[in-house]
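To keep things clear, I will list the structure first and then write my remarks on it.
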Amino acid sequence: MRRSHLFLKTRKEISKEEVSRNAQLLTRGSYVNQVMAGVYSYLPLGLRVLTKIEQIVREEMNAIGSQEVLMPALHPREIWDVTGRWDKVDVLFKLKGAGDRDLALGPTHEEVVTPLASTVINSYRDLPQAVYHIQTKFRNEARAKSGLLRGREFRMKDLYSFHTTQEDLDTFYDRVMAAYMKIYRRIGLGERTLITYASGGVFSKYSHEFQTLTDSGEDVVYAIPGTTEVLGVQERFAINSEIIDDQEALRGILPNYQPGDEQKLVQHKTIEVGNIFKLGTRFSSACGLTFADKDGKPQHPIMGCYGIGPSRMMGTIAEILSDEKGLIWPEEVAPYKVNLLNLKASDATTTQAADALYDTLQRAGVEVLYDDRDVSAGEKFADADLLGCPWQAVVGPKGAEKGVVEWANRRTGAKQELPVGQWPW
RNA sequence: CGGGGAGUAGCGCAGCCUGGUAGCGCAUCUGGUUUGGGACCAGAGGGUCGAAGGUUCAAAUCCUUUCUCCCCGACCA
């Protein structure tokens, strides 16, 4: 993509009112644009990042055998009455449809997926099943804040699984846990993300959250020393502060627990980037979802639900993986792998060399953003640093004559000159 | 929802206290000089001062109401 054609306008300044780092950087870089508190448009660069994150989520969900569907954002009141949650979920957006009909914008999809599952599940032979979708969710937060971290409208992948036995759910639940950690590693947050024991909200007594370490987070967790194996991989665990006084929970989590042990754990601020629950039969019974067991008797499937927020993950990456100059995207989620800079667009030789490199990179299948504008070199460097693509390929008058390209790594700052046609990776 | 701060040009801000022709920077447009770390000179366009009401000869400025945004707290399937 040529920078001169790209739909964006980067900015040097941002309101001093906006203190959220992710909002500052993503707005200055023209990745997103705020429409109202907690609601954003995604511009071409932002959409590319979001789409890449969602694609990684999609791949890992498919890899554990779950299947993608797409459920609606607009819900009739009736399905929320069935589960008794029309008046219970205080963040539920309610609106009136034609004929004064009560409608809601979906904050989650148990009420949709459970009846949907009943069209497919009749017998134990139809189980287990797992379906997910990646979609825009709506929650009427009393206070949206922190840029993409806490929105009223946001992207979410929610997966729902249906099982004949608790053991089958437990097995699948662990696979989802492992898949989630794989996602965090791929998007560059793996090192900082802890699997966290948490309360289960209204669904279950306990759940697991995925908490990423950052001082701008709004949660507090206590890190458990050492690691625990999850399907062959050593993972770090933590305990959410909301259950740190729950002795029963602590006995179940910490081996040889003695009262007071929890005070030795180290406290961290974190942002919640995922949450998985064992639902039991809460929704299958409320919605009348049954299957015939081997004796022909009706049973309610045991359910699990598993959420992860791509837009929040994007905000978290921007929040954490950045420096004073701008964003630093991990390779798998970067809008473009290479930001090619033509330092002197008014010079025919330089432009010819830069155009040729752009062409070569594209033909090699490398995603490249080509800054072909006739503006000062300093502006291009500053802009490239702000946008944060992993590699900067610099073509200037000197290099063009010698037939070399200067490659700079955005994260490390390391620079090297390479002959045209060679890549640094 | 409670407390605090803020709304003035596309963006970032000053002006308000002490009422009297609405300013600066960035961005944009024109011309010229520049070109390896957000260049420079000259010129130009762009404003219902968040909204409504009130006080006054006169309101961006004072008073009342209201909306929105940001922060802290509460809340957070």
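Everything numeric in this text was worked out from a predicted model, so none of it was measured. Within every chain, numbering begins at 1; the chains are lettered A, B, ... in the order of the sequence lines, protein sequences first and strands thereafter.
The residue A:Ile14 sits close only to the backbone: its heavy atoms come under 4.0 Å of sugar-phosphate atoms, none of a base.
When the P atom is compared between B:rG5 and B:rC11, the two are found 25 Å apart, to the nearest whole Å. For the C1' atoms, the distance from B:rG19 to B:rC62 is 8 Å, rounded to whole Å. B:rC67 and B:rG15 have their C1' atoms separated by 24 Å, given to the nearest Å. Rounded to whole Å, the separation between the P atoms of B:rC17 and B:rC63 comes to 9 Å. Taking atom P in both B:rU18 and B:rC69, the straight-line distance is 32 Å, to the nearest Å. Atom name P, nucleotides B:rG46 and B:rU65: the rounded distance is 37 Å, in whole Å. For the C1' atoms, the distance from B:rU28 to B:rG73 is 43 Å, rounded to whole Å. A distance of about 32 Å separates the P atoms of B:rG50 and B:rC41, rounded to the whole Å.
In this structure, A:Asn140 places its CG atom 12 Å from C1' of B:rC1, rounding to the nearest Å. Remark: C1' of B:rA77 and CZ of A:Phe138 are 16 Å apart, rounded to the nearest angstrom.
With sequence neighbours excluded, no residue satisfies ring pair (Phe, Tyr, Trp, His ring centres under 6.0 Å) with A:His300. Scanning for side-chain hydrogen bond (donor to acceptor under 3.5 Å, both in side chains) contacts around A:Gln55 gives A:Arg58, A:Glu59, with sequence neighbours left out. For the ring pair (Phe, Tyr, Trp, His ring centres under 6.0 Å) test, residues two or more places apart in sequence or in another chain that qualify with A:Tyr370 are A:Tyr358. The ring pair (Phe, Tyr, Trp, His ring centres under 6.0 Å) test applied to A:Phe172 returns A:His163, A:Tyr306, not counting sequence neighbours. Legend: residues meeting salt bridge (charged side-chain N to carboxylate O under 4.0 Å, His left out) with A:Asp246, ordered by chain and number and at least two apart, are absent.
Along RNA chain B, the nucleotide nearest to A:Glu13 and the one nearest to A:Lys88 differ in position, and the one closer to the 5' end is contacted by A:Glu13.
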Inset, instruction - Could you run through nucleotides 33-39 of chain B and give me one letter per nucleotide, 5' to 3': B if any protein heavy atom sits under 4.0 Å from the base, S if only the sugar-phosphate is that close, - if neither? - result: --BBBBS

Inset, instruction - Sugar-phosphate means primed atoms, P, OP1 and OP2; the rest is base. With that split, encode nucleotides 69-76 of chain B 5' to 3' as B, S or - using protein heavy atoms under 4.0 Å. - result: BSBBBBBB

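For the ring pair (Phe, Tyr, Trp, His ring centres under 6.0 Å) condition, the pairs that include at least one residue of residues 18-72 of chain A, sequence neighbours left out, are A:Tyr31-A:Trp329. Applying the salt bridge (charged side-chain N to carboxylate O under 4.0 Å, His left out) definition to pairs two or more places apart or across chains, those involving residues 160-172 of chain A are A:Asp170-A:Lys278.
For B:rA27, there is no paired base (Watson-Crick or G-U wobble, both distances below 3.5 Å). The base-pairing partner of B:rG46, taking Watson-Crick or G-U wobble contacts with both distances under 3.5 Å, does not exist among the strands shown. Across all strands shown, B:rA14 forms no Watson-Crick or G-U wobble pair with both distances under 3.5 Å. Nucleotide B:rC40 has B:rG32 as its partner under the Watson-Crick or G-U criteria, with both atom distances under 3.5 Å. For B:rA77, there is no paired nucleotide, since no Watson-Crick or G-U wobble pair has both relevant distances below 3.5 Å. Of the nucleotides present, B:rG20 is the one that pairs with B:rC57 by Watson-Crick or G-U wobble criteria, both distances under 3.5 Å. Base pairing of B:rG2: its partner is B:rC72, meeting the Watson-Crick or G-U wobble criterion (both donor-acceptor distances under 3.5 Å).
Just one of A:Gln129, A:Glu60, A:Met61 meets the side chain to side chain contact (heavy atoms under 4.5 Å, CB included) condition when paired with A:Ser66; it is A:Met61.
Aromatic pair A:His208/A:Tyr180: ring centres not closer than 6.0 Å.
A 6.0 Å sphere centred on NZ of A:Lys88 holds no more than 12 heavy atoms belonging to other residues, nucleotides or ligands.
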